[in-house]
Amino acid sequence: MKEFKVTPIRNGTVIDHIDCGMALKVLRIIGVSSNNVSSPISVLMHVPSKKEGFKDVVKVEDRELDPKEVDKISLISPDATINIIRDFNVAEKYKVTLPQVVRGIVRCGNPSCITNLNEPVEPEFSVESKKPPVLRCIYCDRILDDTAEHLI
């Protein structure tokens, strides 16, 4: 069996149990790109998981996530856990939770929806299913099942 070695971080965030293949989308959610990185970031993809099969993991040094970022992560990986690291120890650990109503973080897939017509209306969805996440636009009733492609 191969062993994976990743250096621990002093302070920051570890996003664990990300659905396999979603780590790069998590990086996009938290705004990490090649031209704005000032602290170490570790991305592990397709890592064996004790819970079930395989997972992805993202470690970001010197950064804690804001609630909107956590809500977006819950839309693409509803089983993810967030570990806040302080002085090399886990200070907080919690599982992401998908809210009942999603506001302002996903755009509607219907080009004729009022939220896509330059009106001052914030996109809003009711959560029809949590696993996998399925959203329904409260304005046009369109079902959105591929939330990762519609994140704002």
Side-chain angles (χ1 to χ4, degrees), residues 2 4 6-9 11-34 36-37 39-86 88-111 113-116 121-152:
K2 289 184 180 180
F4 295 96
V6 179
T7 58
I9 59 176
N11 297 301
T13 304
V14 176
I15 308 158
D16 198 0
H17 301 288
I18 300 168
D19 290 353
C20 218
M22 292 294 184
L24 298 178
K25 290 182 182 186
V26 168
L27 289 177
R28 190 174 47 178
I29 287 170
I30 63 175
V32 173
S33 66
S34 61
N36 72 352
V37 175
S39 296
I41 296 170
S42 300
V43 178
L44 294 90
M45 298 179 75
H46 205 72
V47 178
S49 171
K50 291 178 184 171
K51 285 186 179 178
E52 58 182 70
F54 293 90
K55 65 180 180 179
D56 289 356
V57 180
V58 172
K59 296 170 66 172
V60 183
E61 186 130 7
D62 299 323
R63 176 116 190 294
E64 292 186 18
L65 305 181
D66 69 44
K68 234 179 191 176
E69 291 170 324
V70 174
D71 285 347
K72 287 181 182 182
I73 291 168
S74 74
L75 287 169
I76 65 164
S77 191
D79 293 325
T81 57
I82 308 293
N83 299 285
I84 306 300
I85 310 298
R86 295 191 184 112
F88 294 108
N89 293 307
V90 177
E92 299 174 43
K93 181 176 184 166
Y94 59 93
K95 192 172 162 67
V96 298
T97 56
L98 188 60
Q100 291 289 45
V101 176
V102 175
R103 287 183 192 91
I105 60 174
V106 178
R107 75 179 176 288
C108 184
N110 178 359
C113 180
I114 191 168
T115 61
N116 291 322
V121 179
E122 183 177 53
E124 187 172 331
F125 295 84
S126 61
V127 177
E128 299 285 309
S129 167
K130 291 192 179 220
K131 197 167 179 181
V134 176
L135 308 178
R136 180 183 300 273
C137 178
I138 66 159
Y139 297 104
C140 72
D141 224 27
R142 166 84 51 109
I143 294 287
L144 188 65
D145 55 3
D146 183 12
T147 56
E149 295 304 315
H150 291 86
L151 291 172
I152 296 173

### Message
Using the side-chain contact (heavy atoms from CB on, under 4.5 Å) criterion, which residues pair with H17? Sequence neighbours excluded.
### Response
S49, K51, K55, T81
### Contact summary for S74 and L98, nearest pair of heavy atoms
OG-CD1, 3.5 Å
### Query
What pair of heavy atoms forms the shortest contact from M22 to I18, and how long is it?
CB-CG2, 3.6 Å
### Query
Step by step, would you call R107 with E149 a side chain to side chain contact (heavy atoms under 4.5 Å, CB included)?
CA-CA 9 Å; R107 75 179 176 288; E149 295 304 315; over 6 Å; no
### Query
Got a sec, which residues hit side-chain contact (heavy atoms from CB on, under 4.5 Å) with R103, two or more places apart in sequence or on another chain?
V101, E122, E124
### Task
Return the minimal non-hydrogen interatomic distance between I73 and A80, and the atom names on each side.
CG2-CB, 4.0 Å
### Query
Between E69 and I29, what is the shortest heavy-atom contact and its length?
O-CG2, 3.8 Å
### Query
Are any side-chain N or O atoms of R142 and backbone N or O atoms of C113, one a donor and one an acceptor, separated by less than 3.5 Å?
no
### Task
Kindly say whether D79 contributes a backbone atom to a donor-acceptor pair with the side chain of K131 at under 3.5 angstrom?
no
### Query
With a 4.5 Å heavy-atom cut-off, do P40 and E61 have their side chains touching?
yes
### Task
Might you confirm whether atom NZ of K95 has over 12 heavy atoms from other residues, nucleotides or ligands at distances under 6.0 Å?
yes
### Query
Taking side chain as C-beta onward, heavy atoms only, is R28 less than 4.5 Å from K72?
no
### Message
Can you give me the closest heavy-atom contact between D19 and P78, atom names plus distance?
### Response
OD2-CD, 3.8 Å
### Task
Using atom types as modelled and distance alone, determine if a side-chain donor or acceptor of N116 lies under 3.5 Å from a backbone N or O of C108.
yes
### Query
Which of these passes side-chain contact (heavy atoms from CB on, under 4.5 Å) with R136: I143, L144, V102?
I143
### Query
Once you round to the nearest 0.5 Å, how far does CG of L75 lie from CG of L135?
5.5 Å
### Query
Applying the side-chain contact (heavy atoms from CB on, under 4.5 Å) test to D16, which of L44, V57, D56, V47 qualifies?
V57
### Side-chain heavy atoms of P123 within contact of I152, under 4.5 Å
yes
### Query
How about L151 and K25: do any of their side-chain heavy atoms sit closer than 4.5 Å?
no
### Query
Testing T13, N11, V90, V60 for side-chain contact (heavy atoms from CB on, under 4.5 Å) with I85, which one passes?
V90
### Query
So do V32 and V58 actually touch side chain to side chain, heavy atoms under 4.5 Å?
no
## Note on the structure
Nearest heavy-atom contact between S126 and I138 is N-CG2, 4.0 Å
### Message
Are the side chains of F125 and T147 in contact, using a 4.5 Å heavy-atom criterion?
### Response
no
### Query
Side chains of V14 and I9: closer than 4.5 Å at any heavy-atom pair?
yes
